[in-house]
Amino acid sequence: MELAAKLAEDLRAKDLFLKDVKSAGVYLNFFVKYPDYSKKVLTSVKELGEGYGRPVIWEGKRIVVEYVSANPVHPLHIGSGRNAVLGDFIYRILKFSGAEVQRRYYVDDVGLQVAYLGYGYIKLGKPNPPAGMKPDHYYGLIYAATTTIIDILKLKKELDVKKSSGNNERVLELSRQIDELMSDLARIKEKIPEEIDALLNALSRVEDPESEVNELMRKYEAGDKDSEPVREVASKVVEGIRKTLESLGIEMDVWDWESDLIRSGMVDKVLREARESLHFTEHKGVPALQFEGLLKDPALRKKLRIPEGLDIPPLILVRKNGSTLYTTRDIAYTLKKFREFDADLVINVIAVEQTLPQAQLRLALHALGHAREAESLIHYKYEMVNLPGTSMSGRRGRYVTVDEVLEKMTTLVQELMKGKKSEAGDKALKIARSAFKYMMLSASPSKTLVFDLRKALDTNQLSGPYLQYTYARANSVLEKAGEVEWDTVDFSATSQGLRRRLIWLIGKFPSVMSKVASELHPEDLVHFLNEVADAFNAWYDKEPILKEGDRGVRALKLAITASVKTVLGTGMSVLGLDVLRRI
RNA sequence: GGGCCCGUGGCCUAGCCAGGAUUAAGGCACCGGCCUUCGGAGCCGGAGGUCCCGGGUUCAAAUCCCGGCGGGCCCGCCA
């Protein structure tokens, strides 16, 4: 209690827009000189404009953000959509905060998944998509069909064996699994019936398709000519993905192909480094790194942000057939990202399910002598996006694509815009994609998202457009008003009701932004902008702005409106929502 | 089995890390109002809560600690 009184005394002595400070029990009550504070806030917004609220915490840093990086085997689904939207937010907030930022997409064309697609593609005689179907959608179906058929054939083989051996329990289980896959396949077949028949026909004549896929993968990694179609089909899928990102308003600076990385010799170099490392081992007969020694050091664990209870198995570097594994290549790729951009920090936006390999990656970097890179590699995690009832699966063709969500939302927005003073063009898309991004940004990344398309398309739940609408409303008032007469603003009229609250919120914006920038939590900014929009709309309804008779008060109201517009505009553009003067 | 994450009115989401002055906040859905005035994609009012459960720490717990329960994810020569 005495401490509070003492503090009050001290604070009173300093001049921080404070009228008075009183202690009340354990609390300190601050009384702000509202006219002075308001003047400071509003003129700051006026002078700094779009720079108002710019945090300085990343000033001068060089940062690489890797995001999306979906495998080139199917279209972007809404899980990748969450990744894309979050990654883009990170790019924007870092850039706004003064960092040099580079956006990279890692095309994993060397892995097993692309080999499956390439295999099906070759078996079908390298078909082109039918007219009107995007390549990523078409080849996504081929990919799902190929993996599903191969799995069915494999299970059937086992079923035959188990039947003759009389293992009834296993027979039932296998039959059930096969039925499930058959129904997945039937669903795919509705879209590409001819291809499915051709694939079934071709694959059922192959003795062991799985090992052929593996062989194709090995050849591709080795740069064998026979495997060229793999790159070809992956490129077509990537082109489709690029289009989807474009319609989301998301661009990349660099597209890195994993196969190029291998051809550059960087992966070989990593393998040589690994063999010389103290942590090198043979695990089950193949080269690996083991981290037991490193994990015993609590200080290092902390530096590398290895979750406390996490058990880290050895990292296998090379398969028995000589091909490398994803994380092995990712070691080389991480070094490439650091070097090519001379980066202080590399942020990987990757789903939480990859926590373990990302931790292994940091440990491996450290083990190979790249301590700085290991410590400066951030895994920005986000939780999964599931569909009501099920989870998505690329291998089975069970997913909701970003394209179809955007398309449906755009149509919906167009309906709503009918009869309004809507200008044509891509405005409906801009509103729709902002609504989509808003959904992805408003929930904490640490929460699982259940994506319900019906809810996404519910007109009344389009909260992204609410911000756009409020911005357009403020803009409209200002356009009608002409210039804000800053010299005549009456700052003494700032202390009541909603004006006071609005100025308070506007003044809070810089501290909100620096918290958001340091923690990279988009949801905090989303909620703040909602507060601003709510306060502005309530105020707008209560107090006429343009019709205000008192010149000084009118100028004040316009200054507040202009500041709200600036804050909303800056906040929305950092989130990646389209800022529209009219909607 | 082990590890990590999540659990807040019917549904969704803030607040939790840095415990107090928020009477637990906002949106959807629900009920009732507001278009002769600056953009009704809006505003005002109402109803609706065991902050998953149980202990503990504290003057004070949605918030911290321990133990449960429910859901998601991981524990591959997949990524």
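In what follows, every chain begins at residue 1, and chains take the letters A, B, ... in the order their sequences are listed.
- RNA chain B is contacted by A:Glu353, A:Gln354, A:Leu356, A:Pro357 of residues 352-363 of chain A, taking any non-hydrogen atom closer than 4.0 Å.
- Phosphate contact (OP1/OP2 of B:G39, side-chain N/O of A:Ser476, threshold under 4.0 Å): present.
- Between the side chains of A:Arg582 and A:Ser476, not a single donor N or O lies within less than 3.5 Å of an accepting N or O.
- Distances shorter than 4.0 Å separate some side-chain N or O of A:Lys447 from OP1 or OP2 on B:A14.
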Listed pairs, N/O of protein and of nucleotides 64-66 of chain B, under 3.5 Å:
none

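- Under the Watson-Crick or G-U wobble criterion, with both distances below 3.5 Å, B:U37 is left unpaired in every strand shown.
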Could I get a table of every N or O pair under 3.5 Å where one atom is in the protein and the other is in nucleotides 26-36 of chain B?
| unit_1 | atom_1 | unit_2 | atom_2 | d |
| --- | --- | --- | --- | --- |
| B:C28 | O2' | A:Gln461 | NE2 | 2.6 |
| B:A29 | OP1 | A:Asn460 | ND2 | 2.5 |

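- Every residue two or more places apart in sequence or in another chain was checked for a ring-ring contact (aromatic ring centres under 6.0 Å, His included) with A:Tyr471, and none qualifies.
- Considering only residues two or more places apart in sequence or on other chains, A:Phe291 meets the ring-ring contact (aromatic ring centres under 6.0 Å, His included) condition with none of them.
- Note on residues 516-535 of chain A: pairs passing ring-ring contact (aromatic ring centres under 6.0 Å, His included), not counting sequence neighbours, are A:Phe509-A:Phe528.
- Comparing A:Leu449 and A:Pro465, the nucleotide of RNA chain B nearest to each residue sits closer to the 5' end for A:Leu449.
- Figure legend. B:C16 is base-paired to no nucleotide; pairs are counted as Watson-Crick or G-U wobble with both atom distances under 3.5 Å.
- Inspection of the A:Arg395 and A:Thr147 side chains reveals no N or O donor paired with an N or O acceptor under 3.5 Å.
- Scored by the side chain to side chain donor-acceptor pair (under 3.5 Å) test, A:Arg500 finds no partners at all (sequence neighbours excluded).
- Within the structure, side-chain hydrogen bond (donor to acceptor under 3.5 Å, both in side chains) contacts touching residues 379-388 of chain A (residues at least two apart or in different chains) are A:Asn83-A:Tyr382.
- OP1 or OP2 of B:C38 has not a single side-chain nitrogen or oxygen of A:Arg554 nearer than 4.0 Å.
- In this structure, a donor-acceptor pair under 3.5 Å is present between the side chains of A:Tyr119 and A:Glu212.
- Judged as a side chain to side chain donor-acceptor pair (under 3.5 Å), and not counting sequence neighbours, A:Arg82 has no contacts.
- OP1 and OP2 of B:A41 both lie 4.0 Å or more from every side-chain N or O belonging to A:Tyr438.
- Figure legend. B:U63 is base-paired to no nucleotide; pairs are counted as Watson-Crick or G-U wobble with both atom distances under 3.5 Å.
- With a 3.5 Å ceiling on both atom-pair distances, the Watson-Crick or G-U wobble partner of B:G32 is B:C44.
- Projected onto RNA chain B by closest heavy-atom contact, A:Asn321 and A:Leu310 fall at different nucleotides, the more 5' of which corresponds to A:Leu310.
- For the residue pair A:Tyr466 and A:Asn537, a side-chain donor N or O sits within less than 3.5 Å of a side-chain acceptor on the partner.
- A:His74 pairs by the ring-ring contact (aromatic ring centres under 6.0 Å, His included) definition with A:His77, A:Tyr399, not counting sequence neighbours.
- Contacts of residues 326-336 of chain A with RNA chain B (heavy atom under 4.0 Å): A:Tyr326, A:Arg329.
- Within the shown strands, nothing qualifies as a pairing partner of B:A79 under the Watson-Crick or G-U definition with both distances less than 3.5 Å.
- A:Lys219 meets the salt bridge (Lys or Arg N to Asp or Glu O under 4.0 Å) test with A:Asp226; sequence neighbours excluded.
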